[in-house]
Amino acid sequence: MTHAQAKARHAQLADEIRQHDHSYYVEARPVISDFEYDKLNRELIDLEREFPDLVTPDSPSQRVGGKPLSEFKSSQHLAPMMSLDNTYSQEEVRAFVERVQKILPNETLEWVVEPKVDGVAINLRYENGVFTVGATRGDGTHGDDITVNLKTIRGIPLKLKAAQGLPAVMEVRGEVYFTKAEFDRINAERASAGEELFANPRNTAAGTLKQLDSGLVAKRKLQIVLYGTGKIEGEAAAPKTQIELLAWLKQLGFPTPERTWFCRSADELLTAIDELDAVRDKFAYETDGAVIKLNSIPLREKAGVTAKAPRWGMAYKYAPDQAETKLNAITIQVGRTGKLTPVAELEPVFLAGTTVKRATLHNEDQIKRLDVHVGDTVVIQKAGEIIPEVVRVVAEKRTGAEKLFHFPKECPECGSSVSKGAVADEEGADWRCVNPDCPAQVRGRIEHWCARGAMDIEGGGEVLAAQLVKSGLVRDVAELYRLKLDELANLERMGEKSAQNFLDGIEASKQRDMWRVLFGLGIFHVGAGVAKSLGRAFADLEDIFAAGPAKLAEVDDIGGVIAQSLTQWHDDSRNRDLLARLKKAGVNFKSALHNPAAALGPFAGMTFVLTGTLPTMSREEASAKIEALGGKVSSSVSKKTDYVLAGEEAGSKLEKAQKLGVKIIDEAEFVKMCG
Ligand code: IVH
């Protein structure tokens with residue numbers, strides 16, 4: 001392909017991808033399948049790889065994320081980003097309307113009501129129609145420059161559509177969020193990886209935007225809605241009303257609120273607020289209120305601002321879904337880390353679509369703060385969180401028969417003493433069982449070790465972990481590797497076949513990559529992502545512990561807290577003994593991710609599949625070459641395969657590659673790519 005041809009094809013692909021992004025994320029009307037869409041992106045990226053000068057800041061290829069940052073730069077907003085005053089009361093809405101009318105006595109006031117999207121406020125700067133800087137609100141004048149993360153959001157146009165009349169510089173403001181569906185998908189993925197679940201879409205969106213690794217952000221489908229502007233500089237006639245502003249944003253290619261209400265009085269506003277309340281659970285995002293804005297933008301300027309917020313608008317917040325029920329008992333759950341969590345056992349009650357029987361009381365301080373007694377009538381709430389919580393006691397309904405709850409001073413599982421105090425960097429509000437052999441903790445650790453995201457041992461779920469611990473067969477994860485068929489088969493509800501399957505799974509787990517072993521150990525702050533970073537940086541598990549905190553903290557993504565947590569864990573002789581026994585059992589400690597030169601290689605992030613016989617190279621040679629240049633070799637072709645390297649007599653893999661539209665190369669081309 002000549003450069004001119006490549007350039008033309010690139011422009012065409014970029015345009016097509018932009019249109020599909022718009023159909024999907026702005027109009028919510030996808031035109032092609034994900035597969036076809038991925039194919040367009042892949043072709044574009046391939047072209048850019050071959051002709052690097054085609055990469056422009058507004059190319060769709062810029063959405064896949066780049067190298068992790070060490071920190072975010074600070075970015076100054078051109079106009080300050082304020083927030084709105086909040087209220088839960090209809091009376092205050094009336095008072096607000098009267099107040100504004102008093103400031104603007106001779107004006108006929110018009111209002112717009114919009115959903116208050118429960119996301120994260122952001123500011124996008126466009127210069128001559130090109131997205132240049134995106135930031136969080138921060139303190140209102142400066143936020144974190146999260147441009148690379150925001151670029152992964154397909155609903156954000158990298159280049160605006162208008163042909164002319166675009167401001168030289170403009171700031172657009174809105175909210176980044178996860179749809180409820182995407183939030184559920186992420187949590188389901190975490191559940192199967194044995195990772196802790198995220199609490200709610202909002203916090204997850206905030207946490208995702210603060211990720212230093214934009215590649216991770218690109219894997220989660222964040223979305224955006226825009227409802228305002230900041231500074232606008234240049235020739236364009238700035239809109240005069242909120243309604244015009246939303247239409248203008250839409251025309252420029254931004255997603256805007258799907259429904260708005262136009263109102264002329266406090267009564268109409270309250271009706272609109274009720275109407276929004278009735279439909280908001282059908283929206284893709286969580287809506288925690290209604291935003292009321294003066295429609296006229298010149299009048300907003302007249303109304304002015306207070307120190308904290310503009311006078312022209314306010315947010316009405318809906319009360320979270322709550323229900324009243326009786327608290328029958330308080331039980332204590334002991335987690336993998338020994339944490340004691342008090343749980344309210346409730347008279348079943350229907351709340352926000354589900355029947356709730358249990359709610360969390362978080363910790364002892366919370367029980368005291370709420371003054372909860374057993375037998376109390378309590379109010380429980382689900383506010384975007386998945387686990388309902390007790391928010392208050394209905395003191396009027398006390399009969400005198402309620403009983404004070406004494407938080408146990410020993411572990412309800414093993415009777416050991418409990419202690420309070422900071423663990424790693426977690427505050428010291430939680431009681432923890434001090435006995436590392438506590439059956440609840442051992443169960444939790446075994447379950448975590450076997451989880452799909454860790455050592456991936458099928459069958460090692462909650463039930464079997466409990467049986468193994470109760471029967472005394474397994475006291476720590478190393479003892480899994482000593483299990484015998486007859487011991488297992490003797491367990492209740494365990495036939496010989498499932499016992500054998502479990503043993504096969506344990507055997508296979510010995511070959512898992514080092515990062516899974518490390519993650520499986522369940523060390524504080526060492527999640528799968530951290531374990532992978534360490535796997536890339538170190539060749540052997542034991543090298544990590546030998547490195548010492550200073551060396552560890554030099555690794556990408558590893559801060560002082562993680563380094564300290566690793567060191568503390570290893571300082572415990574029992575843990576060192578556990579490692580030794582795992583090693584002796586044949587568990588792999590070597591990291592396949594470790595390849596210092598590869599991270600920078602031209603094949604970094606690419607997956608190859610080999611098939612057939614190559615004219616001069618052996619498979620081993622080709623694989624080694626790929627890995628040395630940073631690529632991965634996989635045994636089967638999938639959508640995620642970047643290249644299939646095919647030789648003579650290539651079979652079904654070649655067919656599959658053709659079917660999936662995966663790029664197929666021969667040895668000559670491969671040698672060229674290797675440079
Ligand atoms: S307008 C001067 N409109 O809720 C601030 N805000 O306090 C003007 N929010 O900080 C904000 N949906 O983060 C506006 N349709 C909407 C919104 C919205 C969500 C957030 C925003 C703002 C807070 C209101």
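Positions are given from 1, in the same order as the sequence printed here. Just follow the structure's listing: the first ligand is 1, and inside any ligand the first atom is 1. Because the structure is a prediction, the values reported are computed rather than measured.
Between Leu84 and ligand 1, at least one pair of N/O atoms sits closer than 3.5 Å. Annotation: Val291 places no N or O atom under 3.5 Å from an N or O atom of ligand 1; distance criterion only. Between Pro257 and ligand 1, no N or O atom pair is found at a separation short of 3.5 Å.
If you check which protein heavy atom lies closest to atom 3 (N) of ligand 1, you get Lys293 NZ, 3.0 Å. Counting only heavy atoms of the protein, atom 12 (N) of ligand 1 lies nearest to Val117 N, 3.1 Å. Scanning the protein for heavy atoms near atom 15 (N) of ligand 1, the closest one is Glu114 OE1, 2.8 Å. Nearest to atom 20 (C) of ligand 1 among the protein's heavy atoms is Glu175 OE1, 3.5 Å.
Atoms of ligand 1 lying under 4.0 Å from at least one heavy atom of Arg137, given by number and element, are 10 (O), 13 (O). Close contacts between ligand 1 and Met82 involve ligand atoms 2 (C), 5 (C) [criterion: under 4.0 Å to a heavy atom]. The atoms of ligand 1 that sit less than 4.0 Å from any heavy atom of Ala121 are 13 (O).
Neither the backbone nor the side chain of Ala309 has any atom closer than 4.0 Å to an atom of ligand 1 (non-hydrogen atoms only). Proximity of Arg173 to ligand 1, defined as any heavy-atom pair under 4.0 Å, is not found for any part of the residue. The proximity of Lys116 to ligand 1, defined as any non-hydrogen pair under 4.0 Å, involves the side chain as well as the backbone.
Between Pro310 and ligand 1 there is a heavy-atom distance shorter than 4.0 Å. Look at Pro115 and you'll find a heavy atom under 4.0 Å from some atom of ligand 1.
Judged purely by atom type and a 3.5 angstrom limit, Asp376 has no side-chain atom pairing as donor or acceptor with the backbone of Val378. Checked by atom type and distance alone, the side chain of Gln366 never pairs as donor or acceptor with a backbone atom of His362 at under 3.5 Å. No side-chain donor-acceptor contact under 3.5 Å links Lys250 to the backbone of Val26.
Salt bridge present: Glu182 and Arg185 bring a charged side-chain N and a carboxylate O closer than 4.0 Å. Between Asp371 and Lys368 there is no salt bridge, since no side-chain nitrogen of the basic residue lies less than 4.0 Å from a carboxylate oxygen of the acidic one.
Note: Tyr126 and Phe131 have tilted aromatic rings, judged against thresholds of 30 and 60 degrees for the angle between ring planes.
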Checklist entry - Between Arg63 and Asp21, is a salt bridge (Lys or Arg N to Asp or Glu O under 4.0 Å) present by the stated rule, with each step listed? => result CA-CA 11 Å; Arg63 295 196 187 274; Asp21 284 342; 3.6 Å; yes
Checklist entry - Between Asp267 and Ser265, is a side-chain hydrogen bond (donor to acceptor under 3.5 Å, both in side chains) present by the stated rule, with each step listed? => result CA-CA 5 Å; Asp267 280 336; Ser265 65; 5.1 Å; no
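Distances from atom 11 (C) of ligand 1 to the heavy atoms of Tyr177, Trp312, Tyr227 show the closest one on Tyr227.
One distance of note links OG1 of Thr229 with CZ of Phe254; it measures 10.5 Å at 0.5 Å rounding.
When side chains are defined from C-beta on, Val169 does not count as touching Thr132, because their heavy atoms never get closer than 4.5 Å.
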